[in-house]
Peer 1: 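Dumping the structure here so I can ask a few things about it.
The figures here come from the full heavy-atom set of this structure, side chains too, leaving out hydrogens, waters and symmetry mates. Not measured: the values here are computed from a predicted model. Whatever order the structure lists ligands and atoms in, that order sets their numbers, starting from 1.
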Amino acid sequence: MIKLPGDALTNDEPRPVISVAGAKPGPVLFLNAGVHGGEYPAVEAVIRLGKTLDPKKISGTVILMPVLNLPAFRTRTPFVCPIDNVNPNRVFPGDAKGSYSEQMTHALIHEFVVHADAYVDLHGGDIPEALVPFVICRAGDDAVSKKSKQIALAFGLPYVLTVSKPVQPAKGLSSYAGAAEKGIPAILAEAGGVGQLQQDAVALLVNGVKRVMKHLGMIEGKEVRRSQTAATVLGKFEWLYTKHAGMWYPKVAPGDAVKKGKQIGTVRDLFGDTLEKIISPVDGVVLFLTINPSVLENGLLMGIGVE
Ligand SMILES: [Zn+2]
């Protein structure tokens, strides 16, 4: 049970952390979930790996934290931490003198991530979101970005997205980019969503982490399942928002291909009249989708991956 440093975290409930020290020397892999509190398949994948990884078969050490954003997990709060209303995945690598989320991410990076050889941050769709499984890492020709992309491909999900700038304007970066900035190869993998515990999503994430361990030389190949298809690599992440608050009626599902200029949904008011037709600005594939019909002004509707 770990108490993270930081003034804002003094009264925190301690966080469970599991360290699996392998019988043979090798790299250190740091793995966490629960940067967002309602992404349960990711949390379960870390719990399951912590219970089942066999140290006798491992070269190196795996350190696992099932839930970083424990205040959000306890209160079923999507996207943000309820203590400061900040999305922790927009303030990496954190700030030791900042708000709760900034101190929490600062502690995660400095107490754990910078001591690892690789970092895997597990996510999924949050409580109002559905998605197709995908991995994100930093784009670039530098050694850390190249290693991150190799880890992302090794994870074995259908889509790998390499991004060169933050997807939303924010004070900081997402986890994988914050870690890469500190010189640690890192990925963010997503599966499952809508506030539920999909077993197929848990299996994808568990197997993905094992595939990364094999890629890093930490376990033998017979411990992992082969991926069915080669990943599609995407180079841009386009997020769509509604201008108006209202009821959201998408015409697409996660995984659907969309065409530039085509209508992919409608936002209506509470009389049933159309406020806004949502038109795809790009050719691409829907990676995540807001499935709760109630949307706010400037509310996020979906993320489209572009080749
Ligand atoms: Zn998330």
Peer 1: Side chains of Arg138 and Ser148: do they bring a donor and an acceptor to under 3.5 Å?
Peer 2: no

Peer 1: Could you go through Thr77 and Thr75, starting from their C-alpha distance and side-chain angles, then the distance that decides it, and tell me whether this counts as side chain to side chain donor-acceptor pair (under 3.5 Å)?
Peer 2: CA-CA 5 Å; Thr77 304; Thr75 55; 2.6 Å; yes

Peer 1: Does the pair Asp269 and His244 meet the rule for a side chain to side chain donor-acceptor pair (under 3.5 Å), with working shown?
Peer 2: CA-CA 9 Å; Asp269 65 17; His244 306 86; over 6 Å; no

Peer 1: Inside 2.8 Å of the Zn ion (ligand 1) but strictly below it, how many protein N/O/S atoms are present?
Peer 2: 4

Peer 1: Please confirm whether the backbone N or O of Glu102 pairs with a side-chain atom of Thr105, one donor and one acceptor, at under 3.5 Å?
Peer 2: yes

Peer 1: Got a donor-acceptor contact below 3.5 angstrom from the Asp84 side chain to the Ser101 backbone?
Peer 2: yes

Peer 1: Hey, does Tyr100 have a side-chain heavy atom less than 4.5 Å from the side chain of Asp7?
Peer 2: no

